[in-house]
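What follows is a set of notes on a single structure, which appears directly below.
The first residue of the sequence shown is numbered 1, and numbering continues consecutively from there.
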Amino acid sequence: MRPQSAPFKSVMALALLPLASVSPSGQLPVDKDAKLSVGINATYNSSAYAIDNGISVMPQAFYDNNRLYIEGAEAGFYPYKDSKNHVRVGVSYDGRDFDPSDALADTHKNLDKRDWSVLAHASYMHITPYGGFKIKATTDALSRHDGQTISLSHLSKFNKDKLTVYPEFGAVWQSKDYNQYYYGVSADESTRTGVAQYNADSGFMPFATVTASYQLTNDISVFGNQRVEWLSSAQKNSPLTDDALDTKTRIGINYKF
């Protein structure tokens, strides 16, 4: 893996800054009654890539005892957590990929495959009466693209009886290395396929997501999630895309042990 850039190191430090200004005695105690939930979800991917859309099925898990956490496809630990400040360090699954066998154009079927990756991250969320404000910095942990992302977002939570709704909106900055891997076309690919060479720059991608969870029984819950991403100009100008939106519609079920 190549050395991380200075701007990324600065943001990682910013995400962990609360550790220097809070007292360990203020941390929430370990929740010995925390329960593990496991489940499965099915996702319909309407991709901005010029490919056939498809459905994927993935397992998932949820757990949080104020020291360790699992949240869907993300897991890690809390260096610090109190009622208003959450600092997290961990890893998460980034499912962005491009399979040339799914391409709509014959020329695109001979392009290189772009694989999913695992991102290492640090994040900080401050909870206010108006919701949570979160900053999160990530870097490629598998050396797929050696890229970084930085996101700023606002999260809310609304409860009514057995229904809970979680809206979130924000924007993600994705580095040049990240975008070049997923949206660029190399000179070698261009020569081999006839697809125009494309060098992608960094860019900002706004997003919005909402999750609704309904508790069927004490142990079983069902949920739905809708996520919309508005591609940056660096991404939507790529020869690999034919749309400016990535959308994911997910439904699933969880069982609490």
Not counting sequence neighbours, list each pair that qualifies as a salt bridge (Lys or Arg N to Asp or Glu O under 4.0 Å) and has a residue in residues 198-210. none

Does one hydrophobic cluster hold both Phe207 and Leu119, with members joined at side-chain heavy-atom distances below 4.5 Å? no

Count the heavy atoms of every other residue, nucleotide or ligand shown that sit under 6.0 Å from NZ of Lys109, and state whether that count exceeds 12. yes

Do Val210 and Val222 sit in the same hydrophobic cluster, where Ile, Leu, Val, Met, Phe, Trp and Tyr count as joined when their side-chain heavy atoms come under 4.5 Å apart? yes

Contacts of type side chain to side chain contact (heavy atoms under 4.5 Å, CB included), residue Asn159, not counting sequence neighbours: Lys157, Thr164

Side-chain donor or acceptor of Gln148 paired with backbone N/O of Asp146 under 3.5 Å: yes

Using the test side chain to side chain contact (heavy atoms under 4.5 Å, CB included), find all partners of Asn45 that sit at least two apart in sequence or belong to another chain. Thr43, Ser56, Lys248

Which residues pass the ring pair (Phe, Tyr, Trp, His ring centres under 6.0 Å) test with Tyr69, sequence neighbours left out? Tyr78

Please confirm whether Tyr178 and His145 have ring centers closer than 6.0 angstrom. yes

List in chain and number order the residues that pass side chain to side chain contact (heavy atoms under 4.5 Å, CB included) with Ser47, two or more places apart in sequence or in another chain; answer none if no residue qualifies. Tyr49, Ile51, Asn53, Asp246

Start with the C-alpha gap between Asp64 and Lys81, add the side-chain angles, then the distance that decides, and say whether side chain to side chain contact (heavy atoms under 4.5 Å, CB included) holds. CA-CA 11 Å; Asp64 193 326; Lys81 181 182 182 182; 3.2 Å; yes

Show the numbers, then the answer: is there a side chain to side chain contact (heavy atoms under 4.5 Å, CB included) between Gln215 and Thr217? CA-CA 6 Å; Gln215 200 72 36; Thr217 70; 5.6 Å; no

Checking Asn85 against Tyr80: is there a side-chain donor and acceptor pair closer than 3.5 Å? no

Shortest non-hydrogen contact from Ala234 to Ala200? O-CB, 4.1 Å

With rounding to the nearest 0.5 Å, note down the distance linking CZ in Phe204 to OG in Ser233. 11.0 Å

Hydrophobic cluster mates of Ile55, side-chain heavy atoms under 4.5 angstrom, ILVMFWY only, any path? Tyr44

Is there a side chain to side chain contact (heavy atoms under 4.5 Å, CB included) between Trp116 and Asp94 once you walk through the steps? CA-CA 6 Å; Trp116 59 268; Asp94 183 356; 6.0 Å; no

If only atom types and distance count, is the side chain of Ser238 paired as donor or acceptor with the main-chain N or O of Tyr183 below 3.5 Å? yes

Among Ile, Leu, Val, Met, Phe, Trp and Tyr joined by side-chain contacts under 4.5 Å, find the other residues sharing a cluster with Phe62 and list them by chain and number. none

Minimum heavy-atom distance between Ala120 and Ala141, given as atom pair plus value: N-CB, 4.1 Å

Is a side-chain donor-acceptor pair under 3.5 Å present for Gln235 with Asn179? yes

Is Lys35 close to Asp33 at the side-chain level, that is, under 4.5 Å between some pair of heavy atoms? no

Kindly determine whether Asp177 and Ser175 satisfy side chain to side chain donor-acceptor pair (under 3.5 Å), including the steps that lead there. CA-CA 5 Å; Asp177 286 338; Ser175 71; 5.3 Å; no

With no hydrogens and no angle check, just 3.5 Å: does a side-chain donor-acceptor pair link Thr209 and Glu168? no

Evaluate His154 against Phe169 for ring pair (Phe, Tyr, Trp, His ring centres under 6.0 Å), listing each step before the verdict. CA-CA 6 Å; His154 176 271; Phe169 64 89; 5.4 Å; yes

Sidechain N-carboxylate O distance under 4.0 Å for Arg88, Glu74: yes

ILVMFWY cluster membership beyond Ile127 - transitive side-chain contacts under 4.5 angstrom: Met125, Leu155

Which atoms form the tightest heavy-atom contact between Asp82 and Gly26, and what is the distance? CB-O, 3.3 Å

Please find the pair of heavy atoms, one from Val89 and one from Pro79, that lie closest to each other, and give the distance. CG2-CG, 3.8 Å

Interatomic spacing from CG in Asn65 to CZ in Phe77 - rounded to 0.5 Å: 13.0 Å

To the closest 0.5 Å, what do you measure between OG (Ser83) and CD (Gln27)? 12.0 Å

Separation between NZ of Lys134 and OG of Ser153, rounded to the nearest 0.5 Å: 6.0 Å

Taking a hydrophobic cluster as the set of Ile, Leu, Val, Met, Phe, Trp and Tyr residues connected by side-chain heavy atoms closer than 4.5 Å, whether directly or through intermediates, do Phe257 and Leu216 fall within one such cluster? yes

Hey, are Arg114 and Glu189 close enough for a salt bridge, meaning a charged N less than 4.0 Å from a carboxylate O? yes

What verdict does the side chain to side chain contact (heavy atoms under 4.5 Å, CB included) test give for Asp112 and Arg192, after you've listed the backbone C-alpha separation in whole Å, the side-chain angles of each residue and the deciding distance to 0.1 Å? CA-CA 10 Å; Asp112 296 336; Arg192 187 174 71 244; 2.9 Å; yes

Would you please name every residue forming a side-chain hydrogen bond (donor to acceptor under 3.5 Å, both in side chains) with Thr241, sequence neighbours left out? none

If you measure from CG on Asp243 to OG on Ser46, what distance do you get to the nearest 0.5 Å? 6.5 Å

Hits for salt bridge (charged side-chain N to carboxylate O under 4.0 Å, His left out) against Lys236, two or more places apart or cross-chain, chain-then-number order -> none

Minimal non-hydrogen separation, Tyr182 against Asp115, with atom names: OH-O, 2.8 Å

For Asn41 and Gln60, does a side-chain donor sit closer than 3.5 Å to a side-chain acceptor? yes

Results of side-chain hydrogen bond (donor to acceptor under 3.5 Å, both in side chains) for Ser117 - residues two or more places apart only: Asp140

Between Leu36 and Ile253, is there shared hydrophobic-cluster membership here, with clusters defined by ILVMFWY side-chain heavy atoms closer than 4.5 Å? yes

Steps toward salt bridge (Lys or Arg N to Asp or Glu O under 4.0 Å) verdict (Asp97, Arg144): CA-CA 11 Å; Asp97 68 345; Arg144 301 271 205 232; over 6 Å; no

Any pair counted as ring pair (Phe, Tyr, Trp, His ring centres under 6.0 Å), so long as it reaches residues 211-232, sequence neighbours left out: none

Atom pair OG/CD of Ser232 and Gln174 - distance to nearest 0.5 Å: 6.0 Å

For Gln197 against Ser186, the heavy-atom pair lying closest together: CG-C, 4.1 Å

Cluster overlap Leu28 with Val87, hydrophobic side-chain contacts below 4.5 Å: no

Report the residue from Val195, Thr193, Val185, Asp102 that forms a side chain to side chain contact (heavy atoms under 4.5 Å, CB included) with His108. Val195

